[in-house]
Amino acid sequence: MVAGLTTRTIVGLEIHVQLATRTKLFCGCALEFGAEANSRTCPVCLGLPGSLPVMNRAAFEASVRFALAMNCKIAAYTKWDRKSYYYPDLPKNYQISQYDLPLGYEGHCDIDAEAGGSKRIRIRRAHLEEDAGKNLHDVPGCSLVDLNRTGTPLLEIVTEPDIETAQDAFEFCTGLQKLAVYLGVSEASMQKGHMRFEPNINVEISRGGDVYRTPISEVKNLNSFRAVRDAIEYESKRQVQDWVADENYVFGKAANENRGWNADKQMTEFQRSKEAAHDYRYFPDPDLMPVTTSTAWVEEVRSGLPEAPTVRRDRLVSSFGLTPADAELIVADRGDADLFDAAIHGDKKLAKRMTSLMLGAAKKLANDRELTVSTVLPNAKCWQQLVRMVEDGMVNASAGERLLLEAMEGDASDVDFEQMAKDHNLIQVQDVGQMAAWVEQVFKENAGAVQDALSNPKKAKAAPGFLTGKVMQVSGGIADPKVVGQLIAAKIKEMQAG
Ligand SMILES: [Zn+2]
């Protein structure tokens with residue numbers, strides 16, 4: 001921050017998301033990660049003369065789903081355009097894209113803003129296009145081309161420049177990833193390069209009554225959320241410094257730039273200036289039919305959309321009193337969230353129990369196996385039975401957890417938790433007389449702790465908890481810790497009075 005200046009960072013994002021279709025966008029070649037180079041190709045995606053592309057309906061529908069989930073309008077009429085450029089990994093010398101008529105436009109996504117509250121990021125457009133191949137430079141003295149990726153369907157999403165902090169950009173990008181996975185339209189795996197980000201960044205600088213804007217930097221091809229955040233952070237400082245050093249560094253006077261992110265040096269590096277707009281010679285692809293969508297079909301797709309992750313999280317908080325952090329953890333995986341909703345069936349009390357059972361040892365066990373809770377034990381009826389048993393006091397919370405872990409460790413898809421609790425002798429004792437007898441026994445065997453509870457000011461607070469633990473031990477884990485606690489408190493009171 002330079003004295004006397006106020007600055008505001010302005011960021012718009014271009015994001016490419018690879019769609020999880022079985023085959024490519026305009027041919028029947030399989031989409032497979034890690035297949036042998038050039039083994040997933042045909043005359044269409046090799047760009048051989050005379051071959052004819054045919055649109056993959058599944059890719060188009062997935063794009064419409066995604067666009068609708070971002071609150072976009074869907075074009076009633078859209079078409080395919082050729083974007084000409086020459087690269088070794090693009091044998092046709094043009095990419096099939098959508099130029100002036102994107103399939104989705106004028107949408108918005110709301111994020112949790114760094115400044116607090118919710119912030120709306122407008123979506124300018126979402127269009128479908130094909131990916132190019134890959135140039136490989138790992139053999140000395142030559143470059144190789146792998147065309148397995150050519151023709152992979154990509155949804156390009158372009159936001160309006162509504163993002164003002166690096167953290168908000170991070171939030172938007174991670175939110176988009178969750179949404180894509182929820183919708184089932186993309187695996188959105190960062191490791192497999194399913195999402196690529198290109199932030200356009202500049203800074204508005206105010207000094208006295210004057211306002212200046214730095215030229216726009218487009219940081220190319222970022223492939224991690226962290227890189228997005230760090231590059232924006234870096235650029236918003238670098239551009240102000242450059243302006244302070246040279247006041248001619250302003251929008252319109254200095255050229256916009258393409259830059260790359262160097263993660264090792266934690267800085268962006270100049271690639272080329274964008275003096276002249278590129279001439280891609282866009283024109284409609286004569287080999288492909290335009291696409292029309294009916295209102296009825298769009299509404300049908302819309303009605304099949306799942307509840308969005310952020311909406312779902314907020315509902316778990318407001319309807320069931322979950323903490324936002326717990327709700328976030330449950331919603332992070334759609335399968336887990338579906339299991340949660342199916343098991344508790346709108347019951348607020350069960351929701352609390354379900355939360356602690358799901359997010360405790362069960363989640364740890366699933367994480368250790370790199371799975372989700374719902375893939376290890378997917379049966380909602382079983383979960384509901386167990387959660388009810390704990391809620392009704394048939395088994396105590398720790399016995400509930402023990403049963404759950406045992407079920408998850410086994411390979412059981414269908415478990416009768418009540419039978420299991422009986423088999424393990426874990427049904428909680430409701431007999432207060434029996435519990436009082438255990439308390440009596442523990443008081444005799446732990447005179448020191450009883451003395452602490454009565455008259456040691458340092459240990460008086462902790463001693464009842466210790467005694468409760470002893471009673472639970474003596475009972476073999478089937479006493480009701482709540483009742484035991486009450487009995488112990490009453491007994492101590494009685495002894496103090498006597
Ligand atoms: Zn092909």
Side-chain angles (χ1 to χ4, degrees), residues 15-67 78-99 101-104 126-139 142-157 180 183-196 221 223 280-293:
I15 302 168
H16 284 92
V17 183
Q18 179 178 325
L19 300 178
T21 49
R22 213 169 41 75
T23 55
K24 294 185 179 181
L25 183 49
F26 296 113
C27 64
C29 291
L31 281 178
E32 264 176 75
F33 184 76
E36 190 196 342
N38 298 306
S39 63
R40 301 293 182 268
T41 54
C42 72
V44 172
C45 56
L46 289 174
L48 299 186
S51 61
L52 282 175
V54 178
M55 184 191 81
N56 179 345
R57 267 189 76 94
F60 191 83
E61 184 172 336
S63 303
V64 169
R65 268 171 78 77
F66 205 165
T78 180
K79 63 178 172 63
W80 303 100
D81 299 290
R82 291 184 176 182
K83 181 182 183 181
S84 307
Y85 53 94
Y86 177 83
Y87 277 128
D89 58 7
L90 189 73
K92 297 198 295 281
N93 294 334
Y94 62 84
Q95 174 194 29
I96 305 176
S97 181
Q98 299 190 287
Y99 180 50
L101 296 174
L103 63 89
H127 72 258
L128 189 51
E129 62 185 29
E130 58 174 350
D131 205 351
K134 243 187 220 169
N135 293 326
L136 307 166
H137 309 287
D138 42 7
V139 177
C142 71
S143 286
L144 300 171
V145 183
D146 177 6
L147 296 176
N148 280 353
R149 200 177 68 183
T150 350
T152 298
L154 299 176
L155 189 68
E156 179 172 334
I157 298 159
L183 295 165
V185 297
S186 173
E187 249 184 84
S189 156
M190 307 305 290
Q191 286 75 26
K192 295 182 189 169
H194 290 168
M195 289 181 88
R196 283 174 268 162
N221 257 322
N223 54 15
Y280 290 118
R281 291 184 58 250
Y282 277 106
F283 71 96
D285 192 311
D287 290 342
L288 283 158
M289 297 282 286
V291 186
T292 53
T293 60

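Just follow the structure's listing: the first ligand is 1, and inside any ligand the first atom is 1.
Salt bridge K134/D89: absent, no basic N to carboxylate O contact under 4.0 Å. R149 and E32 are not joined by a salt bridge, as no carboxylate oxygen comes within less than 4.0 angstrom of a charged side-chain nitrogen. Between D287 and R82 a salt bridge is recorded (basic side-chain N to carboxylate O distance below 4.0 Å). Remark: E187 engages K192 in a salt bridge, criterion side-chain N to carboxylate O under 4.0 Å. Using a 4.0 Å cut-off between charged nitrogen and carboxylate oxygen, D81 and K83 do not count as a salt-bridge pair.
Protein atoms of type N/O/S that fall under 2.8 Å from the Zn ion (ligand 1) number 4 in this view.
A ring-centre distance under 6.0 Å is found for W80 and F26.
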